[in-house]
J.: 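To start, I am sharing the structure in question, which I have written as structure tokens.
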Amino acid sequence: MSSYTVAQNTSFLTVASVLQKVISFFYFIFVARIIQVENTGVYFFAISFTTIFTVVADFGMGPVLTREAARFPDESESYFTTVFWTKIMFGLGAYLLIVLFANILKYPELTKTLIYVSGITMFFDSLAGAFNSIFRAKKNLVYESMGIIGSQFITLLIGTFALLNHWPLVWLILAYAIPSFLNLIYISGFLKKVYGIGVRFAWNAQIFKIFIAIALPFALAGIIGRFYSYSDSLLMSKLLSAKELGWWSVPYKIAFAFQFIPVALSASVYPVFSSLFLTNKMAIGPLFEKSWRYLFAIIFPVAFGLIAIADPVVRRVFGQEFSPSITPLRFLLVSLIFGFLSFITGALLNAVNKQKTQTALMALVLLVNVILNIILLPRLGITGAAISALASNVVLCLAGLYFAARQVSINLKNIIKYINQTLWPALIMGAVVYYLSEKLHYIPTILIGGVIYFILIYFTGVFNKQNITIILSKVRLSSRARQ
């Protein structure tokens, strides 16, 4: 099969992303416990630093290639070859910027070495993205999904072997660079095999001019978004110590582990918002409200449950030396609530042709984040970074809701109702879990908390008999299909 349905492709990519996150998270725990706090800070920062420049290497070409190749399949190969060689040029330019800024900022030699190697990963990932863009245009995400899982698994193997044999820290970065190169070979081979599209020495100046004009807004939004995500780490690298960066890596990694939830939901509702904007604008508001209701039901228990057990989780999972990560983690978990909701406001604004407004909002919160970090980092350390992230996400969420409500009809009474149905059960559950965590191991307290939350939301009407009947009927149909 050379193409799949939207549901199938969504399932492939979601499963791959979840597995990748799970493997990555447990691998990070292993790394942090073995190399200790300071080395974890250097390792984490090297990866974060190069990640900032990935948007320069791609420059918005990925989504443009997917869109145009889907619209004009016969031109896929000429589009691909032009974008591929463009990405090589931009990738080399991004790598030179990495080297330049690493030296301008005068990082220690070990940090610079790790950054240089991590930049190689960025370069290979950018090129692989061109191949994945064609697969996406062909509605075939199987190979990209397999590449995601395979790359992470190889990283786990190389990294674990390096840790157990006490190899230099650079091998933990090579554990990403080697799978990245192998994934590029793998994905290029299958694109040639499945669709007959391969790399040729061809470059079309006209296609480049058209694509670069279309990609510019995507690139600008991507650059702002990337700096917003990693500006705190960049500032910490100059204002704080490597040990403090190591402490920061733990709350950041835990909070980031859940980001696939709003990403998947926003990816699902964005095309629906876009279609409704042309056919039935009045239906956008109710869909937006339901999307927030879904996120409320997930993020409230996740945030308050993890806040309750933050202390035992950090101390037992990562080790006592990471105990300064506990307070920042709690702030970041509150920030996560507003960050989740902002994905949907952003999807709505982009869908109703207000992408400039969304980009301006991102620029505003980037400015807020940088100013607050400059003020708070010297005074509060990594807790200041967490407070800055919370304030920035609150601004992004509420400002996004304000501008979204100006474009479509959003019933704020419904949103308040949905908050009441999910917030209080989550707070009660969190309080019980916090109490029990002082008497029991944190794992059974998580299970108890989950049961308490589901019981409470049943009584508030979030989870009712109708939902149960629908779920049971789907389970029966699924079991019959397997027989």
Side-chain angles (χ1 to χ4, degrees), residues 41-42 44-56 59-60 94 97-98 100-107 111 115 122 217-253 255-256 259 325 327-343 345-346 349 355-400 402-403:
V42 176
F44 170 76
F45 174 70
I47 295 173
S48 300
F49 185 84
T50 52
T51 302
I52 296 172
F53 294 88
T54 56
V55 289
V56 178
F59 208 77
L97 288 175
I98 287 172
L100 177 65
F101 279 101
N103 283 276
I104 288 175
L105 295 172
K106 298 180 179 179
Y107 290 122
T111 303
I115 287 173
M122 172 213 68
F218 290 98
L220 180 60
I223 290 169
I224 293 172
R226 194 55 56 91
F227 269 102
Y228 173 56
S229 298
Y230 292 97
S231 60
D232 44 20
S233 298
L234 195 60
L235 289 168
M236 277 188 274
S237 72
K238 302 307 296 181
L239 298 176
L240 303 180
S241 66
K243 180 172 284 190
E244 288 170 300
L245 267 169
W247 290 332
W248 173 253
S249 68
V250 169
Y252 185 90
K253 194 72 175 180
F256 187 75
Q259 203 173 71
S325 303
T327 299
L329 172 59
R330 286 173 169 151
F331 277 106
L332 274 191
L333 288 169
V334 178
S335 172
L336 202 63
I337 297 171
F338 298 95
F340 266 41
L341 301 175
S342 297
F343 274 91
T345 59
L349 290 172
Q355 56 268 26
K356 290 183 180 179
T357 300
Q358 175 62 12
T359 301
L361 284 178
M362 291 298 298
L364 171 65
V365 295
L366 171 60
L367 181 63
V368 170
N369 187 262
V370 169
I371 291 173
L372 287 177
N373 269 306
I374 291 173
I375 295 171
L376 297 178
L377 278 175
R379 294 168 174 80
L380 301 175
I382 60 172
T383 300
I387 293 172
S388 301
L390 171 58
S392 302
N393 274 343
V394 169
V395 171
L396 181 61
C397 177
L398 297 183
Y402 169 77
F403 286 108

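Any value given below was found using the heavy atoms of this structure, including those in side chains, with hydrogens, waters and symmetry copies removed. These numbers come from a predicted model, not from an experiment.
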J.: Would you kindly say whether N369 and S231 are connected by a side-chain donor-acceptor distance under 3.5 Å?
T.: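 Short answer, yes.
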
J.: Assign the ring pair F101 / F53 to parallel, tilted or perpendicular, where the plane angle (0 to 90°) is split at 30° and 60°.
T.: tilted

J.: If every non-hydrogen atom of A386 is compared with every non-hydrogen atom of W248, which pair is closest and at what distance?
T.: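 Answer, listing the atom of A386 first, then W248: N-CZ3, 3.7 Å.
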
J.: Determine the sole option in K243, E244, K238 for which the side chain to side chain contact (heavy atoms under 4.5 Å, CB included) test with L240 is passed.
T.: E244

J.: If I take atom OG1 from residue T50 and atom CZ from residue F45, how far apart are they, to the nearest 0.5 angstrom?
T.: 9.5 Å

J.: Kindly determine whether V250 and L329 satisfy side-chain contact (heavy atoms from CB on, under 4.5 Å), including the steps that lead there.
T.: CA-CA 8 Å; V250 169; L329 172 59; 5.7 Å; no

J.: Look up atom CG in L364 and atom OG1 in T359, then write down how far apart they are to the nearest 0.5 Å.
T.: 12.5 Å

J.: Check S392 against S388 and note the closest heavy-atom contact, atom names and distance.
T.: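 Closest heavy-atom pair between S392 and S388: OG-O, 2.8 Å.
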
J.: Please round to the nearest 0.5 Å and tell me the distance separating atom CG of L376 and atom CG of L235.
T.: 11.5 Å

J.: More than 12 heavy atoms of other residues, nucleotides or ligands under 6.0 Å from NZ of K106: is that the case?
T.: no

J.: Any idea which heavy atoms bring L332 and A389 closest together, and the distance?
T.: CD2-CB, 3.8 Å

J.: How far apart are the C-alpha atoms of F49 and Y107, what are their side-chain angles, what is the distance that settles it, and do they pass the ring-ring contact (aromatic ring centres under 6.0 Å, His included) test?
T.: CA-CA 11 Å; F49 185 84; Y107 290 122; 5.8 Å; yes

J.: Measure across M362 and G225 and return the closest heavy-atom pair with its distance rounded to 0.1 Å.
T.: CE-CA, 3.6 Å

J.: For F403 and T345: C-alpha separation, side-chain torsions, deciding distance, then whether side-chain contact (heavy atoms from CB on, under 4.5 Å) applies.
T.: CA-CA 9 Å; F403 286 108; T345 59; over 6 Å; no

J.: Strictly by modelled atom types, are R226 and T54 linked by a side-chain donor-acceptor pair under 3.5 Å?
T.: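 Side chains of R226 and T54: pair found under 3.5 Å.
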
J.: For Y230 and Y252, take the angle between the two ring planes, folded into 0 to 90°, and tell me which bin it lands in: parallel under 30, tilted 30 to 60, perpendicular over 60.
T.: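 Taking Y252 first and then Y230, their aromatic rings sit tilted (interplane angle of 30° to 60°).
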
J.: Please step through side-chain contact (heavy atoms from CB on, under 4.5 Å) for the pair Y228 and N393, ending with a clear verdict.
T.: CA-CA 10 Å; Y228 173 56; N393 274 343; 2.6 Å; yes

J.: So, taking the atom named CG in L349 and the one named CG in L361, what distance separates them when rounded to the nearest 0.5 Å?
T.: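 Reported to 0.5 Å precision, the distance equals 7.0 Å.
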
J.: So, for L336 and A255, which heavy atoms are closest and what is the spacing to 0.1 Å?
T.: CD1-O, 3.5 Å

J.: Please round to the nearest 0.5 Å and tell me the distance separating atom CZ of F340 and atom OG of S335.
T.: 10.5 Å

J.: Please name the pair of heavy atoms, one in L372 and one in A391, separated by the smallest distance, quoted to 0.1 Å.
T.: CD1-CB, 3.5 Å

J.: Say you draw a straight line from CD1 of I47 to CD1 of I52; how long is it, rounded to the nearest 0.5 Å?
T.: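 One gets 13.0 Å once the value is rounded to the nearest 0.5 Å.
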
J.: Under a 4.5 Å cut-off applied to non-hydrogen side-chain atoms, are F331 and P251 in contact?
T.: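 In short, these two side chains do not touch, never coming nearer than 4.5 Å.
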
J.: Given the rule in the side-chain contact (heavy atoms from CB on, under 4.5 Å) test, do L245 and S237 qualify, once you have shown the distances and angles that lead to the verdict?
T.: CA-CA 7 Å; L245 267 169; S237 72; 4.3 Å; yes

